[in-house]
Amino acid sequence: MLRVIVRRLLQLVVTLIGLSALVFIWLRNLPGGPIEALLGERATPERRALLTKALGYDQPILVQYAKFMQRLVTGDFGNSIRSGDPVTEVIGRAFPATVELAAAAMIIAIGLGVPLGYLAARHRGRLLDNLSIGGTLLGISIPIFFLGYLLKDVFTQNMHLFPPSGRISTGLDNTDITGFFVLDGLLTREFDATGDALWHLILPAITLATIPLAVIVRITRASVLDVLNEDYVRTAEAKGLRHKTIRGRHILRNGLLPVVTTIGLQTGALLSGAVLTERVYNWGGLGTLIYDSISGGRDYPVLQALILLAALVFVLVNLLVDLSYAFIDPRVRVR
């Protein structure tokens, strides 16, 4: 097991180094580049030359990359072009909002997706199975931004059941400790703030959860159908084992490996959906920060750090997925 962990960690390091090189080269070859983004309308040939020398962009590319990696190791991503604040502070302010939204979305996706997929497989060809297939096709095909605006129109503007945007009501006196508003309300016993944060979280989380939910339902259904046809399931039924034992020990546990893989991939890919969801609901997380960094002045230091952070999260999530295999399938422990 330790050998598996070490091997995965080494792969993580190699992946991040390779990605950092690609991001470094790509951002420096975009039209305009960091120099134009920094100078803006004040750009003149003289100022370009001075700033190029000051930032070290006149040095060989390998020297620039070595210095870039040295700064990354120390956690120095530079300052934001738009605000002038350190990049770590800019990302740190937005990070809790996206994590809170992504966690809520995955709780919905997993909590509904696995049971629905299992029940659809157990009732193959019946009404529940047909409804699940149709619902998952709709969930995968409908654009996130369209669903977000649709839910806002129905539940906020017409029915007035949920707030239209933001993470918490304006004017509510809540104590911000960690940036996770739901958690902060629980820690400070400000349960009115917790309830308000949850109320703001429902529609964005449902919007972001639609695609992971649909994928998890379909993968769970297909995996359970495969397991139901295995000889050991029929043998267990012939021996007269209780249905609860057969479901838990023989069907669900053996059918979980592809589902866990899917959950890991969907969790790592949530940031792409968060960009649209956060824009619709004015959420103020990493998705909004990515959009602003691209469209609001080409904030290359922030964009560079966000790409590396997204890659790090994706790799770490899949590392946890690989490690979870050992607890689901004992055969993995001896590899």
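These values consider heavy atoms only, across backbone and side chains, with no hydrogens, waters or symmetry-generated copies. What you are looking at is a predicted structure, and each value in this text was computed from that prediction instead of being measured.
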Quick one: does any side-chain atom of [X] pair with a main-chain N or O of [Y] as donor and acceptor, under 3.5 Å?
X: Asp184; Y: Thr178; result: yes
X: Tyr118; Y: Val224; result: no
X: Thr136; Y: Ile133; result: yes
X: Thr98; Y: Leu286; result: yes
X: Glu278; Y: Gly284; result: no
X: Lys67; Y: Leu62; result: no
X: Thr277; Y: Ala274; result: no
X: Trp283; Y: Leu101; result: no

Nearest heavy-atom neighbours spanning [X] and [Y]:
X: Leu128; Y: Ala120; answer: CD2-N, 4.4 Å
X: Tyr281; Y: Gly148; answer: OH-O, 3.3 Å
X: Gln266; Y: Ile211; answer: OE1-CG2, 4.2 Å
X: Met106; Y: Pro212; answer: SD-CB, 4.2 Å
X: Ser293; Y: Val302; answer: OG-CG1, 3.3 Å

Less than 4.5 Å apart, side chain to side chain, heavy atoms only: is that true for [X] and [Y]?
X: Thr267; Y: Val321; value: no
X: Val87; Y: Gln304; value: no
X: Pro258; Y: Ile219; value: yes
X: Pro163; Y: Thr156; value: no
X: Arg218; Y: Ile140; value: yes
X: Leu183; Y: Glu100; value: no

Exercise for the section: May I ask you to establish whether Arg279 and Tyr291 are in a cation-pi arrangement, using a distance under 6.0 Å from NZ or CZ to the six-membered ring centre and at most 45° from the ring axis? Expected result: yes

Problem - side chain to side chain contact (heavy atoms under 4.5 Å, CB included) between Val315 and Leu319, worked out - result: CA-CA 6 Å; Val315 174; Leu319 173 63; 5.5 Å; no

Handout entry: Under the side chain to side chain donor-acceptor pair (under 3.5 Å) test, residues paired with Thr261 that sit two or more places apart
Key = Tyr325

Report the distance from atom [atom1] of [X] to atom [atom2] of [Y], rounding to the nearest 0.5 Å.
X: Asp196; Y: His200; atom1: CG; atom2: NE2; value: 5.0 Å
X: Ser141; Y: Leu147; atom1: OG; atom2: CG; value: 10.5 Å
X: Thr207; Y: Leu276; atom1: OG1; atom2: CG; value: 11.0 Å
X: Phe162; Y: Ile202; atom1: CZ; atom2: CD1; value: 4.5 Å
X: Gln64; Y: Ile25; atom1: CD; atom2: CD1; value: 10.5 Å
X: Ile216; Y: Ile110; atom1: CD1; atom2: CD1; value: 5.5 Å

Exercise for the section: Using a strict cut-off of less than 4.0 Å between a Lys/Arg side-chain nitrogen and an Asp/Glu carboxylate oxygen, indicate whether Asp129 and Arg122 qualify as a salt bridge. Expected result: no

Exercise for the section: Determine whether Leu72 and Phe314 fall in the same hydrophobic cluster, where Ile, Leu, Val, Met, Phe, Trp and Tyr are linked whenever their side-chain heavy atoms lie under 4.5 Å apart. Expected result: no

Practice task
Kindly work out whether a path of hydrophobic side-chain contacts (I/L/V/M/F/W/Y, heavy atoms less than 4.5 Å apart) joins Leu137 to Leu213.
Solution key: no

Practice task
In sequence, state the C-alpha distance, the side-chain angles, and the governing distance for Leu312 and Leu16, and then conclude on side chain to side chain contact (heavy atoms under 4.5 Å, CB included).
Solution key: CA-CA 7 Å; Leu312 177 63; Leu16 291 179; 3.6 Å; yes

Exercise for the section: Quick one: sort the Phe68 and Phe24 rings into parallel, tilted or perpendicular, breaks at 30° and 60°. Expected result: tilted

Exercise for the section: Using a cut-off of 6.0 Å, state whether more than 12 heavy atoms not belonging to Arg93 lie near its atom CZ. Expected result: yes

Exercise for the section: Step through the shown structure and confirm whether more than 12 heavy atoms of other residues, nucleotides or ligands are within 6.0 Å of CG on Asn158. Expected result: yes

Exercise for the section: Start with the C-alpha gap between Leu289 and Ile91, add the side-chain angles, then the distance that decides, and say whether side chain to side chain contact (heavy atoms under 4.5 Å, CB included) holds. Expected result: CA-CA 8 Å; Leu289 189 58; Ile91 294 178; 4.1 Å; yes

Exercise for the section: Show which residues join Ile168 in its hydrophobic cluster (side-chain heavy-atom contacts under 4.5 Å, direct or indirect), or state none. Expected result: Leu172, Phe181

